[in-house]
A.B. asks: 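Below you will find the structure I want to go over with you.
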Amino acid sequence: MQIQLFNSKGRQKEPLRLREPGRVGLYVCGVTVYDHCHIGHARVMVVFDVVVRYLRACGLQVTYVRNFTDIDDKIIQRANGLGIAIAALTERYIAAFHQDMAGLGVAKADVEPKATEHLPEMVAMIDRLLAKGLAYTGGGDVYYAVDRFATYGQLSGKQLNELQAGSRVEVDGCKENPLDFVLWKGAKAGEPSWPSPWGEGRPGWHIECSAMSCKYLGESFDIHGGGMDLLFPHHENEIAQTEGSTGHPWVRYWLHNGFVNVISDSGEREKMSKSLGNFSTIADLLAHYPGEVLRLFILNSHYRSPLDFSGELLEAARHGMDRLYTALAAAKKQLGALPEPISLAALSAEPDAPLWQEVAEPFCLAMDDDFNTPQAIAVLFELARTINRSVTLLAQGGAVEQSDLRNRVNLLRQLAAVLGLLLEEPEHYFHRQNSDGGEDARIETLIQQRLAARQARNFAEADRIRQQLAEEGITLQDSKEGTTWRRS
RNA sequence: GGCCGGGUGGCGAAGUGGCCUAACGCGGAGGUCUGCAAAACCUUUAUUUCGUGGGUUCAAAUCCCACCCCGGCCUCCA
């Protein structure tokens, strides 16, 4: 198994070579907590959740760090607008974030540091930059002098002179160069501030990621990820800060995910963003779709490609997810209970097993190739079909190797789990949402009434009941063993 | 203006020199099953075709050139 990943630094696929064998340090830029998260945020979180899940499935020990930006202009503005304390605002949206992530099946990071809890680390780094002559003070602020960092622009492939030529950056009075960025902002009246050698103030945006990643992952680590839009200037600035202050290489692999686009009312395709106001929040979507449907929708495109968002596409993803769970449900009926999934590591220990070659290997090869989740998902669907085929055969009285079916189901759940899919019991998935016990009992009663009608060959009444349930979004499925129901 | 991506069937989306007469999913059509359905299964749904026009090669969706579109970044943004 050799994982290849597309390194934004250098813009090509490279084999993943770790600093320390068996251990991976991963930092992903989290969210600024001043509002609800939208599907664009969901994409980064799901994508890197899968990266972590896969690396762990490969037996690597991953330390995953994902920050919260809990102090910045927009947060202050928003809190003032609402007339509440900053901490009250950020706590509210951190809680909302966690709830969204739980709904999406995104595991918590190992460390979720907050900027406001790392002021000393940031101040220390700024201090080092000043001592090294890479930063300068002006009007109570501290700025980074980008032209003193030799490789500035290397990550994003930008030349300093080109940037300046086409620059639309407003020239700040205290900046020596319009591209210089602020490390420390001097306090203004009515704003929260912290003490520093340069007076009261607060940190610039970029410094937190440098300081916090170094604290939790060391001054060099393996992978840093985030949305494509962070590549410049955020990540460029992070490099300048970190390597400028430590004097040695920092991040080995940069991973950037593509954007979520929305087709606007006028038919234009545009990036989904808070500033454009064209977003669907995760919470809104989770009210209508199971989290795994959103995951399948996101993972069905490669993480670096742009992703168009629409209700129809989400609906298609839902049907796809139903299909996977249907295979699971059918197998469960045959096997009595779903077997405990075997681990990927245990499987790979027996690479000669036919199932490994037929299924697990193609899956892993796809994932090894820069996390090609669409291809990996294809393997899942093919596996689901072989399961359905066996179940169909059994139902027709054919002979099927029970152990083979069991192994396939095992494998389906195990591989799907790497993508954070098929984590529920099928009946829970199909009975989901607003199905409290009373609701379920009511549906069961109607099914019994319909059964009685059918036995009396009163098909008009049976169909009436079925139609009534259909109008509630409930589909019935008759079989020799009885009738089951699902929400669609 | 500079710099990056991308244009594949009705839709989404893999594939980036021969295994591609193009995976997989959604949708459509026909069949099996069913009282009828639903689901599943089977068959089928791009055959000078992978934005357009040239070129390289024994061989190109895949490499090169030109052109046309689309998106992103260059300012906060996942």
Side-chain angles (χ1 to χ4, degrees), chain A residues 8 11 28-32 37-45 47-48 72-74 153 156-159 161-170 178-179 205 225-234 236 256-261 268-276 279 296-297 300-302 304-308 310 312-324 326-327 329-330 362 366 369 372-382 384-385 387-393 395-396 454 457-460 462-463 466-467 470 475-480 483-486 488:
Chain A
S8 299
R11 272 176 240 104
V28 171
C29 290
V31 293
T32 302
C37 290
H38 56 64
I39 181 83
H41 299 102
R43 189 177 192 191
V44 209
M45 298 310 156
V47 161
F48 285 99
D72 104 313
D73 290 350
K74 276 180 288 197
S156 52
K158 294 182 188 302
Q159 305 290 322
N161 51 359
E162 284 173 358
L163 277 171
Q164 284 164 323
S167 175
R168 287 180 287 161
V169 184
E170 269 182 54
L179 289 169
W205 174 42
M228 210 75 102
D229 57 339
L230 296 183
L231 202 143
F232 188 91
H234 184 53
E236 198 71 70
H256 291 98
N257 65 278
F259 268 77
V260 176
N261 297 319
E268 295 292 300
R269 174 172 299 170
E270 58 189 14
K271 165 182 157 182
M272 176 181 289
S273 74
K274 288 188 185 173
S275 39
L276 291 172
F279 56 90
L296 184 67
F297 166 70
N300 196 37
S301 295
H302 185 85
R304 282 191 287 111
S305 306
L307 176 60
D308 288 340
S310 75
E312 296 84 83
L313 294 173
L314 226 44
E315 209 49 53
R318 187 217 290 274
H319 288 145
M321 207 57 234
D322 284 357
R323 180 172 169 78
L324 291 176
T326 297
D369 183 14
N372 192 335
T373 52
Q375 211 160 56
I377 287 169
V379 175
L380 258 38
F381 278 105
E382 282 165 0
R385 178 162 44 240
I387 289 169
N388 285 333
R389 208 176 273 160
S390 294
V391 171
T392 300
L393 202 60
Q396 292 168 349
R454 288 180 73 204
R457 301 198 67 77
N458 181 357
F459 294 123
D463 290 352
R466 183 167 65 191
Q467 181 56 31
T475 307
L476 299 188
Q477 301 185 335
D478 299 326
S479 75
K480 287 190 188 106
T483 299
T484 58
W485 62 275
R486 57 169 61 177
S488 51

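Below, chain A is the first sequence line, B the second, and so on; all start at residue 1.
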A.B. asks: Could you work out the separation of B/C63 and B/U57 based on their C1' atoms and round it to a whole Å?
C.D. replies: 9 Å
A.B. asks: NA contact type, A/Gly226, heavy-atom cut-off 4.0 Å: base, sugar-phosphate, or nothing?
C.D. replies: sugar-phosphate
A.B. asks: Where the side chain of A/Arg11 is concerned, which of B/G12, B/G5, B/C24 is the nearest nucleotide?
C.D. replies: B/G5
A.B. asks: Under a 3.5 Å cut-off for both contacts, is B/A59 paired Watson-Crick or G-U wobble with anything, and if yes, with which nucleotide?
C.D. replies: none
A.B. asks: Quick check: do A/Arg466 and A/Thr483 have side-chain heavy atoms less than 4.5 Å from each other?
C.D. replies: no
A.B. asks: If you round to the nearest 0.5 Å, how far is CZ of A/Arg323 from CZ of A/Phe381?
C.D. replies: 7.0 Å
A.B. asks: At 4.0 Å (heavy atoms only), tell me whether A/Val391 reaches a base, stays on the sugar-phosphate, or touches nothing.
C.D. replies: nothing
A.B. asks: Can you tell me, in whole Å, how much space there is between the P of B/U47 and that of B/G10?
C.D. replies: 10 Å
A.B. asks: Taking only the side-chain heavy atoms of A/Thr326 (C-beta and beyond), determine which of B/A37, B/A39, B/A78 contains the nearest atom.
C.D. replies: B/A39
A.B. asks: Hey, are A/Arg318 and A/Glu315 close enough for a salt bridge, meaning a charged N less than 4.0 Å from a carboxylate O?
C.D. replies: yes
A.B. asks: Taking only side-chain N and O atoms of A/Ser305, does any of them lie within less than 4.0 angstrom of OP1 or OP2 on B/A14?
C.D. replies: yes
A.B. asks: With a 3.5 angstrom cut-off on both distances, give the Watson-Crick or G-U wobble partner of B/C19, or none if there isn't one.
C.D. replies: none
A.B. asks: Could you tell me whether the side chain of A/Asp478 has a donor or acceptor atom within less than 3.5 Å of a complementary atom in the base of B/C36?
C.D. replies: yes
A.B. asks: Could you state the atom-to-atom distance from CG of A/Asp322 to P of B/G27 in whole Å?
C.D. replies: 10 Å
A.B. asks: Between B/A13 and B/G6, how far apart are the C1' atoms? Round to whole Å, please.
C.D. replies: 13 Å
A.B. asks: Just checking A/Phe459: base, sugar-phosphate only, or nothing, at a heavy-atom cut-off of under 4.0 Å?
C.D. replies: base
A.B. asks: Tell whether A/Arg43 reaches the base of B/A78 with its side chain through a donor-acceptor pair below 3.5 angstrom.
C.D. replies: no
A.B. asks: Assign A/Glu382 to base, sugar-phosphate, or nothing according to its heavy-atom contacts below 4.0 angstrom with the strands shown.
C.D. replies: sugar-phosphate
A.B. asks: Stepwise, does the side-chain contact (heavy atoms from CB on, under 4.5 Å) test hold for A/His38 with A/Val260?
C.D. replies: CA-CA 10 Å; A/His38 56 64; A/Val260 176; over 6 Å; no
A.B. asks: Can you tell me the base-pairing partner of B/G10? Count Watson-Crick or G-U wobble geometry only, both distances below 3.5 Å, and say none if there is no partner.
C.D. replies: B/C26
A.B. asks: Considering every strand and a 4.0 Å limit on heavy-atom distances, what is the contact class for A/Ala316: base, sugar-phosphate, or nothing?
C.D. replies: sugar-phosphate
A.B. asks: In whole angstroms, how far is the P atom of B/U75 from the CG atom of A/Asp229?
C.D. replies: 13 Å
A.B. asks: Can you tell me if A/Asn257 touches the phosphate of B/A78, counting only side-chain N or O atoms and a distance under 4.0 Å to OP1 or OP2?
C.D. replies: no
A.B. asks: Pick the nucleotide of RNA chain B nearest each of A/Ser479 and A/Leu230; which residue has the one closer to the 5' end?
C.D. replies: A/Ser479
A.B. asks: Identify which nucleotide among B/A14, B/G12, B/A37 has an atom closest to any side-chain atom of A/Pro374, counting heavy atoms from C-beta outward.
C.D. replies: B/A14
A.B. asks: Using atom CD of A/Gln467 as one end and atom P of B/G35 as the other, report the distance to the nearest whole Å.
C.D. replies: 20 Å
A.B. asks: OP1, OP2 of B/G25 versus side-chain N and O of A/Arg385: anything below 4.0 Å?
C.D. replies: yes
A.B. asks: Pick the nucleotide of RNA chain B nearest each of A/Arg389 and A/Pro233; which residue has the one closer to the 5' end?
C.D. replies: A/Arg389
A.B. asks: Looking at B/A40, I'd like to know if its phosphate oxygens (OP1 or OP2) sit under 4.0 Å from a side-chain N or O belonging to A/Arg323.
C.D. replies: yes
A.B. asks: From the set B/G15, B/G12, B/A78, return the single nucleotide nearest to any side-chain atom of A/Gln375.
C.D. replies: B/G15
A.B. asks: Under 4.0 Å from OP1 or OP2 of B/G72: is there any side-chain N or O of A/Asn261 that close?
C.D. replies: no
A.B. asks: Rounded to the nearest 0.5 Å, what separates atom CG in A/Asp229 from atom CG in A/Asn257?
C.D. replies: 8.5 Å
A.B. asks: Of all heavy-atom pairs between A/Ala330 and A/Val391, which one has the smallest distance, and what is that distance?
C.D. replies: CB-CG1, 3.9 Å
A.B. asks: Just by modelled atom types, is the A/Gln375 backbone N or O under 3.5 Å from a matching donor or acceptor in the A/Asn372 side chain?
C.D. replies: yes
A.B. asks: Just the rounded figure in Å: distance from P of B/C74 to CZ of A/Phe232.
C.D. replies: 8 Å
A.B. asks: I need the A/Cys29 SG to A/Leu230 CG distance, nearest 0.5 Å.
C.D. replies: 5.5 Å
A.B. asks: Rounding to a whole Å, what distance do you find between A/Leu393:CG and B/C41:C1'?
C.D. replies: 10 Å
A.B. asks: To the nearest angstrom, how far is A/Leu476 atom CG from B/C36 atom C1'?
C.D. replies: 13 Å
A.B. asks: Establish, with yes or no, whether the OP1 or OP2 oxygen of B/C4 is under 4.0 angstrom from a side-chain nitrogen or oxygen of A/Arg304.
C.D. replies: no
A.B. asks: Look at all strands and tell whether A/Asp463 reaches a base, only sugar-phosphate, or nothing, counting heavy atoms closer than 4.0 Å.
C.D. replies: base
A.B. asks: A/Gln477 side chain: which of B/A78, B/A38, B/U75 is closest?
C.D. replies: B/A38
A.B. asks: With a non-hydrogen cut-off below 4.0 angstrom, is A/Asn388 in contact with a base, only sugar-phosphate, or nothing?
C.D. replies: sugar-phosphate
A.B. asks: Determine the contact category for A/His302: base if any of its heavy atoms lies under 4.0 Å from a base atom, sugar-phosphate if only primed atoms, P, OP1 or OP2 are that close, otherwise nothing.
C.D. replies: sugar-phosphate
A.B. asks: Rounded to the Å, how far apart are A/Glu315 CD and B/C11 P?
C.D. replies: 19 Å
A.B. asks: Write down the partner of B/G1 under the Watson-Crick or G-U wobble criteria, each distance required to be under 3.5 Å.
C.D. replies: B/C74
A.B. asks: Could you go step by step and tell me if A/Lys158 and A/Leu179 meet the side-chain contact (heavy atoms from CB on, under 4.5 Å) rule?
C.D. replies: CA-CA 12 Å; A/Lys158 294 182 188 302; A/Leu179 289 169; over 6 Å; no
A.B. asks: Please work out if A/Gly258 contacts a base, only the sugar-phosphate, or nothing of the nucleic acid, heavy-atom cut-off 4.0 Å.
C.D. replies: base
A.B. asks: Between B/U62 and B/G15, how far apart are the two C1' atoms, rounded to whole Å?
C.D. replies: 9 Å
A.B. asks: Which nucleotide in the list B/G25, B/A14, B/A78 gets nearest to the side chain of A/Asn372?
C.D. replies: B/A14
A.B. asks: When rounded to the nearest Å, what value does the distance between C1' atoms of B/G27 and B/A66 take?
C.D. replies: 38 Å
A.B. asks: Taking B/A60 as the reference, what is the distance to B/C41 when you measure between their C1' atoms (whole Å, please)?
C.D. replies: 37 Å
A.B. asks: Do the side-chain N or O atoms of A/His319 get closer than 4.0 angstrom to the phosphate oxygens (OP1, OP2) of B/G27?
C.D. replies: yes
A.B. asks: Nearest whole Å is fine: how far is B/G25 P from A/Leu380 CG?
C.D. replies: 11 Å
A.B. asks: If the C1' atom of B/C36 is compared with that of B/U43, how far apart are they to the nearest Å?
C.D. replies: 23 Å
A.B. asks: Can you check the distance between B/U8 and B/U52, where both ends of the measurement are the C1' atom (answer in whole Å)?
C.D. replies: 15 Å
